There are 2 protein chains.
Amino acid sequence: GAVLGYACLSSQSNKRAVTDEEDKKLHRRCEECTPRPRTRRRSSAPSESLGKLVLPLFPPSGVVVGMDIGGTLAKIAICFSPTQTAMATRLKAYLDSQDSYGKTGRRDKKYDFQLDDGAAVVFVKYESSRTLEALELIKEHKLISPETSIGCTGGGAVMFKSAFRDQLQLGWNEVDEMQSLVSGIAFLIQHVPESIFAFDHSSEDAMATKKYLRVGSGARYPCLLVNVGSGVSILYLESSTDYRRVGGSSSGGATFFGLAKIISECKTWKEALDLARRGDSKKVDLLVGDIYGGHYTKLGLKADVIAAYFGKLARMDRGQVTKEDLVAALLKLITYTIGNTAFLYARIYEPKDVIFTGNFLRDNDLAKSKINFMVRRLSDGKINALFTEREGYYGALGAMLNAKHPEV
Amino acid sequence: GAVLGYACLSSQSNKRAVTDEEDKKLHRRCEECTPRPRTRRRSSAPSESLGKLVLPLFPPSGVVVGMDIGGTLAKIAICFSPTQTAMATRLKAYLDSQDSYGKTGRRDKKYDFQLDDGAAVVFVKYESSRTLEALELIKEHKLISPETSIGCTGGGAVMFKSAFRDQLQLGWNEVDEMQSLVSGIAFLIQHVPESIFAFDHSSEDAMATKKYLRVGSGARYPCLLVNVGSGVSILYLESSTDYRRVGGSSSGGATFFGLAKIISECKTWKEALDLARRGDSKKVDLLVGDIYGGHYTKLGLKADVIAAYFGKLARMDRGQVTKEDLVAALLKLITYTIGNTAFLYARIYEPKDVIFTGNFLRDNDLAKSKINFMVRRLSDGKINALFTEREGYYGALGAMLNAKHPEV
């Protein structure tokens with residue numbers, strides 16, 4: 001099998017397998033172009049920008065695949081070499097010929113991007129429970145040959161490994177979920193336009209405007225990465241390879257949806273968010289002004305600050321409130337708690353930036369905007385809250401970046 | 001009217017009004033016996049114990065009263081001089097003759113305490129909406145004479161001031177709520193046995209055992225005071241008079257009760273807590289083990305750690321869960337979030353102790369035990385979580401300590 005190697009982005013289309021000697025040099029070179037500041041305190045030194053991230057060398061098939069087979073959805077990122085190969089051409093033609101594949105497979109065309117040297121990355125998702133059908137489809141259309149580099153993350157990375165090996169002779173390396181996430185985000189921020197943004201300031205219940213950051217200047221190390229999935233994990237990143245989980249909380253996306261189902265009998269995420277958008281949380285939240293008749297000046301609490309989420313309900317009956325208002329208050333509870341938690345971690349770790357990401361925030365500008373509001377309010381605008389796009393695909397993209405050519 | 005003055009506890013039964021000159025000296029003396037460490041960093045210096053707190057001098061009536069007229073309940077603390085007076089004797093006889101007064105007035109005899117020199121403090125509560133009836137009752141039985149020192153806090157301190165002045169010739173000074181709280185707690189900790197305790201360590205869902213701290217050695221400055229009422233306020237105390245609000249959160253007692261009413265249709269706090277006690281939160285919470293099939297070792301997350309409160313509901317129907325399990329999960333969400341928030345503030349402010357108090361924790365060892373579990377788990381047992389008794393009466397007690405004799 002090929003010796004594993006990495007190359008800086010400018011040489012990514014090099015298809016020749018590297019020697020051990022070259023591999024060492026390449027690794028060193030990549031470490032050199034990834035600054036790793038060790039200090040945890042904010043200093044006046046010039047900001048370090050995110051280090052350059054690298055794609056794996058293209059294998060003989062000309063294709064690198066990253067898969068993230070999660071509990072519900074499986075996400076796939078596919079990178080095509082600028083140099084055409086028979087398999088790459090066949091796979092690309094198949095993907096371009098339609099927008100859906102099998103029963104639940106869907107192309108996410110809006111997320112396509114191309115790198116400077118012509119390599120192209122495309123994204124596909126399907127329901128994880130259909131993984132064996134996906135395997136059949138790959139077999140039937142001869143979409144992926146064994147000369148392909150594949151990285152896989154998520155629970156399915158272990159569960160489906162033998163099926164792919166036995167039936168398709170496809171091997172993959174298992175990539176740690178957090179490593180996938182960090183690699184995927186860092187790569188997008190560094191190389192792909194409109195991947196990271198801040199919000200303009202806005203009032204509490206208005207949607208703020210996005211300001212995309214210039215490619216390559218998106219975020220600065222050290223940073224905190226707040227990953228809002230089912231729960232919340234907070235990572236401290238000194239670089240895209242040097243990070244650790246420093247904390248988290250258990251009030252995340254699944255808490256929102258789980259409780260929303262109970263209090264509103266909604267069936268889907270979209271329905272829950274639509275309810276939240278239409279509701280007025282002030283009908284159920286207890287505000288400082290409700291208690292003190294105005295600002296509580298001595299403690300510096302303004303009248304419109306929430307004293308207790310759902311606090312007005314303590315003296316109301318269920319019949320007096322709408323499910324819209326309840327779900328709107330629930331979304332505030334979840335997003336403001338995330339904002340508060342991130343604010344406190346930022347005070348402890350003093351990062352240059354705080355990046356919010358994760359599946360709960362995918363296509364969810366409402367939640368992003370509320371987190372932004374809370375972080376700004378708590379930090380008097382001092383914390384630079386950044387948000388990302390393409391949330392669903394970081395794991396797949398990171399698995400792709402960490403893909404290794406199988407030792408056949 | 002009398003010149004206002006304070007005396008150290010040992011001279012509290014001194015009934016003579018002090019001169020301005022004496023007043024200054026007494027103030028200085030009291031400041032001297034209240035150590036005020038200024039450092040915010042943990043040091044190896046010997047711990048400072050809580051400073052001595054003082055009662056106001058007794059006025060001619062021999063009685064000092066503190067009232068806390070809140071949104072729902074009014075609480076009264078009454079301190080009797082060891083030296084008998086006609087009014088004190090009459091009031092004491094009336095209070096001792098029965099356990100309830102008017103429609104909602106109740107004596108809380110279990111909270112009675114006596115100070116070293118024989119002064120006695122007793123507690124009464126009633127529903128705030130009955131305040132004018134309480135006034136009539138005081139008038140009818142001639143319970144409180146104008147020569148009484150009264151301090152009052154809570155929203156009713158302003159609302160009912162003129163009624164008491166016009167109909168009973170009783171005046172009071174308005175005491176800030178936070179000052180009342182801090183004074184009341186600090187006094188109890190310093191002077192009254194079984195007021196503050198730590199828990200023995202316990203497993204997650206077992207009740208821990210209380211270990212009461214010796215009077216006078218209860219807590220050390222600087223400390224964090226986490227006050228869990230409708231919402232949560234976090235105060236940083238350098239002494240009982242030198243404190244500031246450093247933060248808080250809006251997930252408090254009213255959030256618990258408000259949401260509990262929605263998800264279980266319970267009607268009372270007691271009912272909500274009973275449901276929580278009987279329920280099994282693991283039926284609805286998503287655990288790390290549910291996602292990864294065991295520990296997530298690389299991130300140091302044990303299998304039994306909650307990944308997302310209510311997270312299992314994302315794939316369940318309402319009919320598959322009991323209201324007991326839902327309210328049990330809700331109590332964990334609220335108490336663990338309080339524990340997590342306090343843990344983060346403790347990392348920022350590095351206090352010697354963290355004291356949890358507030359009306360939500362009154363007669364609520366279940367919630368206290370869960371907060372304790374979370375703080376211990378997060379801090380690896382390093383944070384000294386302390387809990388208090390008599391939560392409902394701190395405001396009244398603090399108002400009593402800050403009572404001033406009216407300038408008639």
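In what follows, chains carry the letters A, B, and so on, assigned in the order in which the sequence lines appear, proteins first and then strands, with residues in each chain numbered from 1. Please read all numbers here as calculations on a predicted model, not as lab measurements.
A distance-only check finds a donor-acceptor pair linking the side chain of A:Y243 to the backbone of A:Q179 [under 3.5 Å]. Looking only at distances, no side-chain donor or acceptor of A:D380 sits under 3.5 Å from a matching main-chain atom of A:K382. Panel note: side chain A:T104, backbone A:E127; a donor-acceptor pair is recorded below 3.5 Å. When atom types are taken as modelled, the side chain of A:N402 and the backbone of A:G151 share no donor-acceptor pair closer than 3.5 angstrom. Looking at B:D290, its side chain does come within 3.5 Å of a backbone N or O of B:L287 through a donor-acceptor pair.
The aromatic rings of B:F257 and B:W269 lie parallel to each other, with less than 30° between the two planes, well short of the 60° mark.
Most heavy-atom pairs under 4.5 Å with chain A, from the set B:G258, B:A254, B:S250, B:G231: that is B:S250.
Chain B is approached within less than 4.5 Å, heavy atom to heavy atom, by A:I306, A:A307, A:A308, A:Y309, A:F310, A:G311, A:L313 from residues 306-313 of chain A, ordered by number. Using non-hydrogen atoms only and a strict 4.5 Å limit, the part of residues 320-336 of chain A facing chain B consists of A:V321, A:L326, A:L333.
The structure places CZ of A:R130 at 12.0 Å from CG of A:L73, a figure rounded to the nearest 0.5 Å.
Within 6.0 Å of CZ on A:R318 lie more than 12 heavy atoms contributed by other residues, nucleotides or ligands.
Considering all non-hydrogen atoms of both residues, B:G248 and B:Y345 come closest at N-OH, 3.7 Å.
In this structure, chain A has heavy atoms under 4.5 Å from both the backbone and the side chain of B:E177. For B:L378, no part sits under 4.5 Å from any heavy atom of chain A, backbone or side chain.
In terms of the side-chain hydrogen bond (donor to acceptor under 3.5 Å, both in side chains) criterion, residue partners of B:D304 (sequence neighbours excluded) are, by chain and number, B:R377. Shown here are the side-chain hydrogen bond (donor to acceptor under 3.5 Å, both in side chains) partners of B:D176, two or more places apart in sequence or in another chain: A:Y296.
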